[in-house]
Amino acid sequence: MDIFADFSLRILAALGELYPDREDLCELAERSTVEPPRDPSHGQVSSNIAMVCAKSLKTNPRQLASSLKEIMITDEDISDIQIAGPGFLNFFLTSDIWYRVLGSILEDPGKFGRNDMGRGRAVNVEFVSANPTGPMHVGHTRGAVFGDALASLLEFCGFEVTREYYINDAGGQIDVLARSAFLRYREALGQDIGEIPPGLYPGEYLIPVGAELARRFGSKYLKASESKWLPVFGPLVLEAMMELIRQDLKLLGVSHDFFFSEKVLHGENGKIAQTLAALERDGLVYRGTLPPPKGKPGEDWEDREQTLFRATSFGDDTDRPLVKSNGDYTYFAADIAYHRDKFLRGFTDQIIVLGADHSGYSKRLQAAVRAVSGGKASIDVKICQIVRLMRDGKPFKMSKRSGDLVTVRDLVEEVGADVVRFMLLFRRNEAPMDFDFALVREQSRENPVFYVQYAHARACSIARKTGEEMPGLDTSLSALAGADFSQLSSVEDLELLQTLAQWPRVVAAAVRAHEPHRVAFYLYDLAGALHGFWARGGQDASLRFVNPGQPELTKARLAMVTAIQKVLEQGLNLLGVSAPRELS
RNA sequence: GGCCCCGUAGCUCAGCUGGAUAGAGCAACGGACUUCUAAUCCGUAGGUCGUACGUUCGAAUCGUACCGGGGUCACCA
């Protein structure tokens with residue numbers, strides 16, 4: 001039950017009564033808002049619809065507002081309507097409507113906040129897609145958490161979501177990886193390999209891989225030529241790396257539904273070739289030269305003719321090469337084919353989560369998706385800005401003594417997955433962020449993860465306490481749903497209920513904008529509302545949750561606390577953060 | 001030089017498809033523990049929303065230009 005969405009409909013209905021002959025009212029009203037006003041003296045629900053629609057309806061905003069008021073004032077849920085400023089409609093509601101919200105939460109807690117915006121539409125969310133050349137490092141973490149939370153949010157709103165990972169396993173880097181592992185293989189067989197030569201991967205994570213190869217093949221390939229061992233080692237090492245990455249993702253609580261291998265796109269009559277043929281049929285491929293990038297010293301710029309994709313026809317800044325000088329396809333050519341494959345698999349709604357270093361890739365991807373789908377599909381490119389690791393307010397290096405980068409595992413082992421996930425989601429994805437190891441381990445309001453989890457635990461604790469103090473009280477969910485909510489008549493009670501009632505609206509806004517951080521901020525607010533109410537109980541006994549002398553009030557308060565607990569749990573769940581019933 | 005992102009209180013950040021007197025936390029100052037977990041809460045103070053024009057009933061939000069910070073720029077993936 002989203003009372004703001006509900007009121008949009010009521011207002012629209014009133015507008016319909018006023019203008020029965022207009023058929024464009026829905027469109028007109030779409031640009032208007034129905035929202036909780038900042039200032040309580042403006043009521044509990046406020047709309048700007050009169051200002052938005054007045055011009056098209058050939059009237060003035062205050063006049064329209066007053067006509068709407070006349071019709072709507074008969075609504076039993078509305079105690080008063082005020083017209084303010086240039087034409088705002090401010091609705092003052094009876095408490096009853098908040099009690100109904102509370103009742104609907106308790107009736108089916110899993111349903112509250114959910115909506116069916118997706119109507120079963122398929123959405124593909126590609127995220128992480130880290131190169132399979134080593135374990136995940138911190139740079140990948142934000143995108144991993146963001147993509148996963150966004151996917152959960154979409155599922156919550158009725159979308160059919162596929163979490164997808166694109167494995168870049170076709171390029172030269174896989175050969176480099178195999179060569180690096182070959183060194184470790186020799187090392188495992190007792191050879192002195194000295195320093196890892198530059199250009200190869202020096203990471204220690206390849207040592208166990210080399211050992212495994214040695215166990216499996218013995219000295220069979222020790223003296224063999226590269227052409228013999230490379231095709232054998234390559235796939236094995238790749239699989240080992242993917243296993244490493246899957247383990248890292250698991251630590252974060254992330255799992256993908258589908259892993260797509262770039263390799264399958266290549267080959268004689270492969271998907272890249274098919275895709276380019278299709279683009280060619282549409283006249284989107286041509287031979288030509290590209291202007292050198294301006295302002296950049298183009299030392300080894302080669303002014304040669306190449307095969308280009310007409311990306312500029314779809315809003316990109318320049319056309320893009322499809323074939324390298326050695327005849328291989330470019331990475332982007334493969335990517336076009338990949339996104340065409342997504343489209344052919346039925347995804348007209350696509351989302352991709354990329355790091356800040358790929359922000360320049362956004363336009364060409366959108367161009368590609370539009371080109372291969374004939375304009376039927378679109379992709380929303382979400383860029384996660386960089387995370388700076390800090391300790392006690394000072395930045396620290398991303399690389400360790402061994403030369404390895406700080407990994408996801410290091411991060412999770414030090415502060416825990418809940419902290420990592422919540423903190424990374426407690427910021428707009430577009431904003432760069434500092435992640436302070438020290439701060440994040442504090443248990444105070446400065447640490448939002450703790451703050452929200454504590455609120456959840458506190459709600460559970462209040463319920464336990466009620467059971468202990470008043471053993472005769474029926475505190476089952478159905479009994480609470482039938483409690484006498486009119487007991488919740490204080491300003492504080494009503495404010496808390498109103499905060500609760502905003503949850504569906506927050507979810508809808510977050511999913512529309514593809515911005516899971518809004519959920520995190522709402523949970524922080526809701527937690528603050530509960531903590532505040534709790535503290536007032538210390539001064540004013542009438543605001544305590546457990547009142548042994550007043551079973552009806554206690555039951556109603558417990559209903560409210562339970563509703564808060566359910567929403568916090570649901571919200572944390574969407575973010576992939578645990579909701580502990582008690583703190584240790 | 002082109003493109004993308006950022007610029008809001010001393011610090012870290014919110015600000016909902018343009019709405020009413022721009023919010024929160026931290027830091028500062030002043031309060032509240034015979035309590036349902038004080039790991040908490042309440043209050044005070046703090047802003048030319050980078051700058052300048054423009055769009056309109058109304059701009060932190062949209063447009064243009066500039067300033068400052070970060071990222072990125074064919075034949076890597």
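Every chain is numbered from 1, with letters handed out A, B, ... down the list of sequences.
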S.K.: Given B/A14, is OP1 or OP2 found less than 4.0 Å from the side-chain N or O atoms of A/Arg428?
M.R.: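 Result: yes.
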
S.K.: Return the pairing partner of B/C36 with a 3.5 Å limit on both distances, Watson-Crick or G-U wobble; otherwise return none.
M.R.: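 In the structure as shown, B/C36 has no Watson-Crick or wobble partner.
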
S.K.: Report yes if a side-chain nitrogen or oxygen of A/Arg31 is closer than 4.0 Å to either non-bridging phosphate oxygen (OP1 or OP2) of B/U17; otherwise report no.
M.R.: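 Result: no.
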
S.K.: Describe, in one word, how the ring planes of A/Tyr524 and A/Tyr451 are oriented to each other, choosing from parallel (under 30°), tilted (30 to 60°) and perpendicular (over 60°).
M.R.: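 Ring orientation of A/Tyr524 relative to A/Tyr451: tilted.
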
S.K.: For the side chain of A/Tyr524, counting heavy atoms from C-beta on, which of B/U37, B/A24, B/G15 is nearest?
M.R.: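 Minimum distance to the A/Tyr524 side chain belongs to B/A24.
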
S.K.: For a quick check, tell me whether the side chain of A/Asp317 and the base of B/G2 share a donor-acceptor pair closer than 3.5 Å.
M.R.: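 Checked by distance alone, the answer is no.
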
S.K.: Identify the nucleotide, in any strand shown, that forms a Watson-Crick or G-U wobble pair with B/C66, with both distances under 3.5 Å; if there is none, say none.
M.R.: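 Base-paired to B/G50.
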
S.K.: Between B/G19 atom C1' and A/Ile83 atom CD1, what is the distance in whole Å?
M.R.: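 Nearest whole value for this atom pair: 17 Å.
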
S.K.: Mind checking if A/Ala356 touches a base, just sugar-phosphate, or nothing, with heavy atoms under 4.0 Å?
M.R.: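 Sugar-phosphate, no base atom in range.
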
S.K.: Just checking, A/Arg320 and A/Phe332: is the charged tip under 6.0 Å from the six-membered ring centre and within 45° of the axis?
M.R.: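 Because its charged atom misses either the 6.0 Å distance or the 45° angle limit, A/Arg320 does not stack over A/Phe332.
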
S.K.: Classify the nucleic acid contact of A/Ser362 as base, sugar-phosphate or nothing, counting any heavy atom under 4.0 Å across all strands shown.
M.R.: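 Here A/Ser362 touches no strand at all.
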
S.K.: OP1 or OP2 of B/U37 less than 4.0 angstrom from a side-chain nitrogen or oxygen of A/Ser461, does that happen here?
M.R.: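 Yes, because at least one side-chain N or O of A/Ser461 sits under 4.0 Å from OP1 or OP2 of B/U37.
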
S.K.: Regarding A/Glu126 and A/Lys342, does a basic nitrogen lie under 4.0 Å from an acidic carboxylate oxygen?
M.R.: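 Looking at A/Glu126 and A/Lys342, the cut-off is met.
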
S.K.: Tell me: NE2 of A/His266 to C1' of B/A77, nearest whole Å?
M.R.: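 The distance from NE2 of A/His266 to C1' of B/A77 comes to 10 Å, rounded to the nearest Å.
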
S.K.: May I ask you to say what A/Arg544 touches in the nucleic acid, namely base, sugar-phosphate or nothing, with a heavy-atom cut-off under 4.0 Å?
M.R.: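 Base contact.
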
S.K.: Give A/Asn168 one of three labels, base, sugar-phosphate or nothing, depending on what nucleic acid heavy atoms sit under 4.0 Å from its own.
M.R.: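 Sugar-phosphate: the residue A/Asn168, judged by heavy atoms under 4.0 Å, touches backbone atoms but no base.
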
S.K.: Taking the six-membered ring where the residue is Trp, are the ring centres of A/Trp534 and A/Phe545 under 6.0 Å apart?
M.R.: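 For A/Trp534 and A/Phe545, the ring centres are not under 6.0 Å apart.
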
S.K.: Contact class for A/Pro86 vs. all strands (heavy atom < 4.0 Å): base, sugar-phosphate, or nothing?
M.R.: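 The answer is base, as A/Pro86 lies within the cut-off (heavy atoms under 4.0 Å) of a base atom.
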
S.K.: Is the shortest side-chain N/O distance from A/His517 to OP1 or OP2 of B/C16 below 4.0 Å?
M.R.: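 So the side-chain polar atoms of A/His517 never come under 4.0 Å of the phosphate oxygens OP1 or OP2 of B/C16.
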
S.K.: Across the strands shown, which category fits A/Glu468 at heavy-atom distances under 4.0 angstrom: base, sugar-phosphate, nothing?
M.R.: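 If one applies the 4.0 Å heavy-atom cut-off, A/Glu468 turns out to touch nothing in the nucleic acid.
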
S.K.: Assess whether one donor atom and one acceptor atom, taken from the side chain of A/Asp357 and the base of B/A77, lie less than 3.5 Å apart.
M.R.: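 Per atom types, no contact qualifies.
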
S.K.: May I ask you to check whether A/Phe127 and A/Phe146 place their ring centres under 6.0 Å from each other?
M.R.: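 Judged by ring-centre distance (under 6.0 Å), A/Phe146 and A/Phe127 do not meet the cut-off.
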
S.K.: State whether A/Lys324 places a side-chain N or O below 4.0 Å from either non-bridging phosphate oxygen (OP1 or OP2) of B/A77.
M.R.: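 It does, given that an N or O in the side chain of A/Lys324 lies less than 4.0 Å from OP1 or OP2 of B/A77.
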
S.K.: Could you check A/Tyr454 against A/Gln385 and say which one's nearest nucleotide on RNA chain B is further toward the 5' end?
M.R.: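 It is A/Gln385 whose nearest nucleotide is closer to the 5' end.
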
S.K.: Look at the side-chain N and O atoms of A/Lys363 and state whether any lies under 4.0 Å from the OP1 or OP2 oxygen of B/C3.
M.R.: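 Negative; the distance criterion is not met.
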
S.K.: Which base sits across from B/A28 as a Watson-Crick or G-U pair, both distances under 3.5 Å?
M.R.: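 Check on B/A28: paired to B/U44, both distances under 3.5 Å.
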
S.K.: What does A/Gly537 touch in the nucleic acid at a heavy-atom separation under 4.0 angstrom: a base, only the sugar-phosphate, or nothing?
M.R.: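 Answer is base: heavy atoms of A/Gly537 come under 4.0 Å of a base.
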
S.K.: Does A/Thr133 reach a base, just sugar-phosphate, or nothing at all? Heavy atoms under 4.0 Å.
M.R.: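 The answer is nothing, as A/Thr133 stays clear of every strand by at least 4.0 Å.
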
S.K.: Using a 4.0 Å heavy-atom cut-off, does A/Asn429 contact any base of the nucleic acid, only the sugar-phosphate backbone, or nothing at all?
M.R.: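 Nothing: the residue A/Asn429, judged by heavy atoms under 4.0 Å, touches no strand.
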
S.K.: Is A/Arg427 close enough to B/C6 that one of its side-chain N or O atoms is under 4.0 Å from OP1 or OP2 there?
M.R.: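 Checking B/C6 against A/Arg427, no side-chain N or O comes under 4.0 Å of OP1 or OP2.
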
S.K.: Run the side-chain contact (heavy atoms from CB on, under 4.5 Å) test on A/Leu25 and A/Leu57 for me, step by step, so that the C-alpha distance in whole Å, both residues' side-chain angles and the decisive distance to 0.1 Å come before the verdict.
M.R.: CA-CA 9 Å; A/Leu25 291 176; A/Leu57 296 174; 4.2 Å; yes

S.K.: Is there a side-chain contact between A/Tyr451 and the phosphate of B/C41, meaning an N or O under 4.0 Å from OP1 or OP2?
M.R.: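 Checking B/C41 against A/Tyr451, a side-chain N or O does come within under 4.0 Å of OP1 or OP2.
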
S.K.: Find the distance A/Tyr329:OH to B/C76:C1' and express it as a whole number of Å.
M.R.: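 Taking OH of A/Tyr329 and C1' of B/C76, I get 19 Å after rounding.
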
S.K.: Could you tell me whether A/Phe426 contacts a base, only the sugar-phosphate backbone, or nothing, with contacts defined as non-hydrogen atoms closer than 4.0 Å?
M.R.: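 Nothing, no nucleic acid heavy atom in range.
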
S.K.: Going by atom types alone, do A/Thr289 and A/Arg304 pair a side-chain donor with an acceptor below 3.5 Å?
M.R.: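 The answer is no; no qualifying pair exists.
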
S.K.: How many whole angstroms separate atom NE2 of A/His531 from atom P of B/G25?
M.R.: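 Atom-to-atom, A/His531 to B/G25, this comes out as 13 Å.
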
S.K.: Between A/Arg62 (CZ) and B/G58 (P), how many Å, whole number?
M.R.: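 Rounded to the whole Å, the gap is 16 Å.
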
S.K.: Would you classify A/Thr466 as touching base, sugar-phosphate or nothing, given that sugar-phosphate means primed atoms plus P, OP1 and OP2, and contacts are heavy atoms under 4.0 Å?
M.R.: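 No contact.
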
S.K.: On a plain distance test, is the side chain of A/Arg518 in donor-acceptor contact with the base of B/C16 below 3.5 Å?
M.R.: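 There is none.
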
S.K.: On RNA chain B, nearest-nucleotide positions of A/Arg458 versus A/Ser46: which is more 5'?
M.R.: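 Nearest nucleotide further toward 5': that of A/Ser46.
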
S.K.: Report yes if a side-chain nitrogen or oxygen of A/Arg320 is closer than 4.0 Å to either non-bridging phosphate oxygen (OP1 or OP2) of B/C75; otherwise report no.
M.R.: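 Indeed not, no polar side-chain atom of A/Arg320 lies that close.
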
S.K.: Using a 4.0 Å heavy-atom cut-off, does A/Glu262 contact any base of the nucleic acid, only the sugar-phosphate backbone, or nothing at all?
M.R.: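 The residue A/Glu262 makes sugar-phosphate contact but no base contact.
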
S.K.: Within less than 4.0 Å of OP1 or OP2 of B/C75, is there a side-chain N or O belonging to A/Arg304?
M.R.: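 For B/C75, OP1/OP2 do not have a side-chain N/O of A/Arg304 under 4.0 Å.
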
S.K.: For B/G19, which nucleotide in any strand shown is its Watson-Crick or wobble partner with both distances under 3.5 Å?
M.R.: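 In the structure as shown, B/G19 has B/C57 as its Watson-Crick or wobble partner.
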
S.K.: Can you check side-chain contact (heavy atoms from CB on, under 4.5 Å) on A/Phe435 and A/Arg142, steps first, answer last?
M.R.: CA-CA 11 Å; A/Phe435 187 94; A/Arg142 191 173 187 180; over 6 Å; no

S.K.: Decide, applying a 5.5 Å centre-distance limit and a 30° plane-angle limit (both strict), whether A/Phe521 stacks on B/A14.
M.R.: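 By the stated criterion, A/Phe521 and B/A14 do not stack.
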
S.K.: Ignoring hydrogens and geometry beyond distance, is the side chain of A/Thr318 in donor-acceptor contact with the base of B/A74 at under 3.5 Å?
M.R.: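 For A/Thr318, whose side chain was compared with the base of B/A74, there is no donor-acceptor pair (under 3.5 Å).
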
S.K.: Report which part of the nucleic acid A/Leu308 touches: base, sugar-phosphate, or nothing (heavy-atom distance under 4.0 Å, all strands).
M.R.: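 Nothing, no heavy atom under 4.0 Å.
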
